[in-house]
Amino acid sequence: MTATEAVTIFERIALLMELKEENPFKIRAYRTGAEVVENFPGPIMQLAEKNELAGIKGLGEALRDKLHEMATTGGLGFYDKLREGFSDDFFELFEVQGLGPKKIKVLHETFGISSVADLKRVCESGEVAKLAGFGSKTVVKLLESLAFRETHAQEFRGDQVAPLAEEILGMLRLHPEITRVSVAGSYRRGKETVHDLDFLVATREPKLVIEDFVGIPQVQSILGQGETKASVLLRNGLQCDLRAVSNAQFPFALQYFTGSKEHNVTLRQRALDRGLSLNEYGLKPVEGSNTVEPEVMEEGDIYRALGLSWIEPELRENSGEIQLAEKQPLPKLVELSNLRGVFHNHTTWSDGVASLEAMAEEAQELGLQYLGIADHSKSSFQANGLDAVRLLKQVEEIRALNATYDGGHFKIFAGSEVDILKDGSLDFDDEVLSQLDYVVASVHASFTLPEAEMTKRIIKAMENPYVTMLGHVSGRLLLQRPPYAVDIAAVIEAAAATGTIIELNASPWRLDMDWRWWKLAKEKGVKCSINPDAHSPRGLQDIFYGIRAARKGWLTREDIINCLPLSKVDEFLRAKFLSR
Ligand code: DGT
Ligand code: CA
Ligand code: CA
Ligand code: ZN
């Protein structure tokens, strides 16, 4: 059994125990266990097999024994018994927004529902609305959640595709008959969700390459297979297309299949205006024109031949990039290596799984100069939010830890992710906030306010001089929960007026504020902070997704405060407060 499978089993045990209203501490132990296994930096299943798990924090004896059983037998008796009568489909119910274990339990016991399809049926029939604790409002919400899920059923988030994309690219690169490889399509453009992955290879042996591709272990079924292309379905349901072209065609095919469609349409028209015809095979003079055929060795040559500067794939959305590239080089987009630190991270003080020390260690391991901690505040009780006493104790601990970093080469910034309450006031008063290095203010409750009220609430929070940055502005969870109603343009306006930074939450679930708004924010002079919102050491690596979104939003290192070195960022964090 793989570690990933063991993680799923631990998570499902926690869900089933919740359903059966078992001891909350036991439930939490399984959740923590799942996180520990998921984040373990070594071959944990091999250790489990040899019974060498003692001493790993967060794994008690009961969980160690269960891992040993899974590693040696490939199954778990305890789990099999617990889940008797529950199919795999049943667990999808827990992903439906607005449905917790208590409600699932009632629905299961009353109507025997055991899948999302069952849920939809009983909601539509009107039976659910008659149940105590449900009511017609709940049912409307549930049906909305279900509709939202259905609309996005064929899409995948970055975390569901990036590891697979990189793995498959790696395999293709090693193929002896392949000379050039790239991923194209929406993934290459850095979209926040994708429908499928498009791979492109240059080869003289397309048939052989296609045969090898459809045979890779990640493939579950073949949707189509021809001489030069194939479509497959991977185990997680993700579709992957592969096209094999000649070395000479490669640049044209790469440009074409990277898209977007709209970008391509405008580009093709531009080519026509110059007497050239552009498609996935080439860039040729149209009949009767006296234009000479440009020499194209790589993708950049196509843009050059059309009188344009280079356009990064992330910018190819037909949102003004072609017009600008006609006049000047486009902005040099931020890169992962430009980041010097990260703000907005959680520890075991609230709902994170790792200690301050462990988070700081990992940040240093990633080559960062600073780590901002921002654990939840008290109103987020479900996330074990800190009250003022605990917060100030944490600040003290951070200061003590900072004193141990020689020469000041690394620093932890003490912050808080303070809840924006329903009326726009904050979960801590100014006296407490003034003792922090920085403050992230976020909405975590009362999502259903009307747009005007929600906007007012958020702007009020930004007007507080201690609020350094605004967290996940829309509250969306990609593919799961739509954004709440808020006037983002007005929020950007207020950020500019108050000198508040806006976060680009880098979690692949959020990527919030959305890339479509950053161009406007940048024009208004609003700064961005790319925040992993990490709840574990591994979570810090979500900056990878944040960088992709920032690039898609046209951002350069100058727009992003956590590209500043430690020596400069401190001052910047205080700038808003000092300017008043
Ligand atoms: P998605 O839906 O996330 O897979 O988005 P894309 O952009 O990857 O779309 P996909 O996989 O259907 O096609 C990949 C690229 O191929 C697309 O971005 C542009 C190009 N393409 C596909 N069909 C057409 C078309 O009918 N016209 C043009 N101009 N380009 C196309
Ligand atoms: Ca695609
Ligand atoms: Ca495709
Ligand atoms: Zn948050």
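Whatever order the structure lists ligands and atoms in, that order sets their numbers, starting from 1.
Glu503 and Trp518 make their closest contact through O-CZ2, 3.6 Å (heavy atoms, listed as atom of the first residue, atom of the second, distance).
Counting the atoms of ligand 1 from 1 in the order shown, those under 4.0 Å from a heavy atom of Asp198 are 8 (O), 11 (O), 14 (C). Heavy-atom proximity to Thr258, at under 4.0 Å, picks out these atoms of ligand 1: 18 (O). Atoms of ligand 1 lying under 4.0 Å from any heavy atom of Gly185, numbered from 1 in the order shown and given with element: 8 (O). Here is the list of ligand 1 atoms found below 4.0 Å of a heavy atom in Asp196: 4 (O), 11 (O). Atoms of ligand 1 lying under 4.0 Å from any heavy atom of Arg189, numbered from 1 in the order shown and given with element: 7 (O), 18 (O).
Using a 3.5 Å distance cut-off with no hydrogens or angles, the side chains of Thr193 and Glu155 do pair a donor with an acceptor. Between Asn531 and Asn505, the side chains place no donor N or O within less than 3.5 Å of an acceptor N or O (distance only, hydrogens not considered). With no hydrogens or angles considered, no side-chain donor-acceptor pair links Asn247 and Gln249 at under 3.5 Å. Side-chain atoms of Thr258 and Arg188 form a donor-acceptor pair, as typed in the model, at a separation below 3.5 Å. Counted by atom type alone, Asp89 and Ser87 present zero donor-acceptor pairs between their side chains at under 3.5 Å.
The protein reaches atom 4 (O) of ligand 1 closely, with a heavy atom under 4.0 angstrom from it. Less than 4.0 angstrom separates atom 18 (O) of ligand 1 from at least one non-hydrogen atom of the protein.
Close to ligand 1: Arg268, with a non-hydrogen atom less than 4.0 angstrom away. Residue Lys191 places every heavy atom at 4.0 Å or more from ligand 1. Using a 4.0 angstrom heavy-atom cutoff, Asp241 does not count as in contact with ligand 1.
The closest protein non-hydrogen atom to atom 26 (O) of ligand 1 is Lys261 CE, 3.3 Å. Shortest contact from atom 8 (O) of ligand 1 to any protein heavy atom: Ser186 N, 2.8 Å. Of all protein heavy atoms, the one closest to atom 2 (O) of ligand 1 is His195 CB, 3.3 Å.
Contacts of Tyr256 with ligand 1, taken as heavy-atom pairs under 4.0 Å, involve both backbone and side chain.
By the criterion of a separation under 3.0 Å, the protein N/O/S atoms near the Ca ion (ligand 3) amount to Asp196 OD1, Asp196 OD2, Asp198 OD1, Asp241 OD2.
Residues passing the side chain to side chain contact (heavy atoms under 4.5 Å, CB included) test with Thr8 are Arg12, sequence neighbours excluded.
Looking at heavy atoms from C-beta onward, Lys527 lies out of side-chain contact with Ile560 at the 4.5 angstrom threshold.
Exactly one of Leu278, Asn264, Leu267 qualifies for a side-chain contact (heavy atoms from CB on, under 4.5 Å) with Tyr256. That residue is Asn264.
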